[in-house]
Protein chains: 2
Amino acid sequence: MKITAQEEYGLRCLLQLAKLPQDQVVSVKEVASREGLSSAYVEKLLRLLSKAGLVHSLRGIRGGYALNRPSSAITLGEVVRALGTVQTTDHICNQFTGNALACTHLMDCGIRSVWSGLTIYIKHFLDSTTLDNLVGNERAVTERLAKRWV
Amino acid sequence: MKITAQEEYGLRCLLQLAKLPQDQVVSVKEVASREGLSSAYVEKLLRLLSKAGLVHSLRGIRGGYALNRPSSAITLGEVVRALGTVQTTDHICNQFTGNALACTHLMDCGIRSVWSGLTIYIKHFLDSTTLDNLVGNERAVTERLAKRWV
DNA sequence: CGCTAATATGACTTTTTTGTCAAGTATATT
DNA sequence: AATATACTTGACAAAAAAGTCATATTAGCG
């Protein structure tokens, strides 16, 4: 139960875009250098976010990436869904890897209830947090989140 | 952001032990067959739980595994910590894999705030749910959880 | 005491996830 | 129009996680 690398680094790149003044783009190279990541990797991450419709790119000599919407209109939940796998009941039950043909509890399963309860609980957190909540210094972000979740 | 395979299948095995009458053990083979998993895998999972002090084993011909404590005294949080990695701020910041020497935000990081906020939020759910909450049929478990979390 | 049914352990293989690379396409600027 | 800079794409390589195997050890039971 942890944040995947793609979610982690993808969010960082996205926050670099969130910091831009309106109508300005930033290049992959610049994002990579600000985050200490390789350009190739940042490219891959931004492409994932682009496929999910969260960012767009401009090609050519003054090209780069920018958010498709204001950062107040993008939730952490959308970001995580674009970059990683957010579990659903379907995932839990259909990706059974044991040596039986299917999970032995398909009909009646207490475990499904917990994981799906937890999934909904987490979704609530992620979907109520927007990108602009995360821009700024650590103290400010911590205070904003604390106000909501403690 | 998802449940790992070890957490998933480890919890299933543990719930098989939780269903046992007091002072009774169940063999790896039996658990494997009830869950449709291979014996080798169940062995590995129960060994992890044993190292974490949640279960104990008896060797020899009538041997097997059993819980170390009543199921009402074991939380989901303990189980997940025994089987998977529950993220901490240290993990998030020190496992930087980019090509810079360290994360560029070590001093001041809004992302750290979110992930650690989310981690605490999830921990709350996991640590407030005990194994005995998860024993029984699906409807019963769902109702128990709903009462607490909705 | 010796056989059998069970756990214990660590090395190994397979699969999935991470991260890189190389060759291609678009566009602003001169 | 040529050029340089930037995004695009799919295949590949490396690392981590999942799952298996072979061998050793323990203990009940005849």
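Protein chains get the first letters and strands the later ones, always in sequence-line order, with residue 1 at the start of each.
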Nearest whole Å is fine: how far is [N] [atom2] from [X] [atom1]?
{"X": "A:Leu83", "N": "C:dT18", "atom1": "CG", "atom2": "C1'", "answer": "13 Å"}
{"X": "B:His56", "N": "C:dA6", "atom1": "NE2", "atom2": "P", "answer": "16 Å"}
{"X": "B:Gln6", "N": "D:dG19", "atom1": "CD", "atom2": "P", "answer": "8 Å"}
{"X": "B:Asn99", "N": "C:dC21", "atom1": "CG", "atom2": "C1'", "answer": "14 Å"}
{"X": "A:Met1", "N": "D:dA17", "atom1": "CE", "atom2": "C1'", "answer": "16 Å"}
{"X": "B:Glu8", "N": "D:dA17", "atom1": "CD", "atom2": "C1'", "answer": "16 Å"}
{"X": "A:Gln95", "N": "C:dT17", "atom1": "CD", "atom2": "C1'", "answer": "14 Å"}
{"X": "A:Glu30", "N": "D:dT5", "atom1": "CD", "atom2": "P", "answer": "15 Å"}

Self-check item: Residues B:Asp132 and B:Arg144 bridged, charged N to O under 4.0 Å
Solution: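 Not counted as a salt bridge, because no side-chain N and carboxylate O are separated by less than 4.0 Å.
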
Quiz item: A:Met107 and B:Glu138: which non-hydrogen atoms are nearest, and at how many Å?
Solution: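 Scanning both residues, the minimum pair turns out to be O-OE1, 4.1 Å.
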
Practice problem: Between protein and nucleotides 6-16 of chain D, map the contacts as a letter string: B base, S sugar-phosphate only, - none, heavy atoms under 4.0 Å, written 5' to 3'. | Solution: SBBB-------

Self-check item: Among B:Leu48, B:Leu67, B:Val25, B:Ile74, the one residue meeting side-chain contact (heavy atoms from CB on, under 4.5 Å) with B:Val55
Solution: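 Only one of B:Leu48, B:Leu67, B:Val25, B:Ile74 forms a side-chain contact (heavy atoms from CB on, under 4.5 Å) with B:Val55, namely B:Leu67.
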
Self-check item: Any donor-acceptor N or O pair under 3.5 Å, side chains B:Thr97, A:Tyr9
Solution: yes

Quiz item: Distance check: side-chain N/O of A:Thr97 vs OP1/OP2 of D:dA18, anything under 4.0 Å?
Solution: no

Quiz item: With respect to the side chain of A:Ala40, which nucleotide from C:dC21, D:dT20, D:dG19 is positioned closest?
Solution: C:dC21

Exercise. Using the six-membered ring wherever Trp is involved, compare the ring planes of B:Tyr121 and A:Tyr121 and label them parallel, tilted or perpendicular (cut-offs 30° and 60°).
Key: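 Parallel.
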
Self-check item: Rounded distance (nearest 0.5 Å) linking atom CH2 of B:Trp115 with atom CD of A:Glu8
Solution: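 Taking CH2 in B:Trp115 and CD in A:Glu8, the distance rounds to 6.5 Å.
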
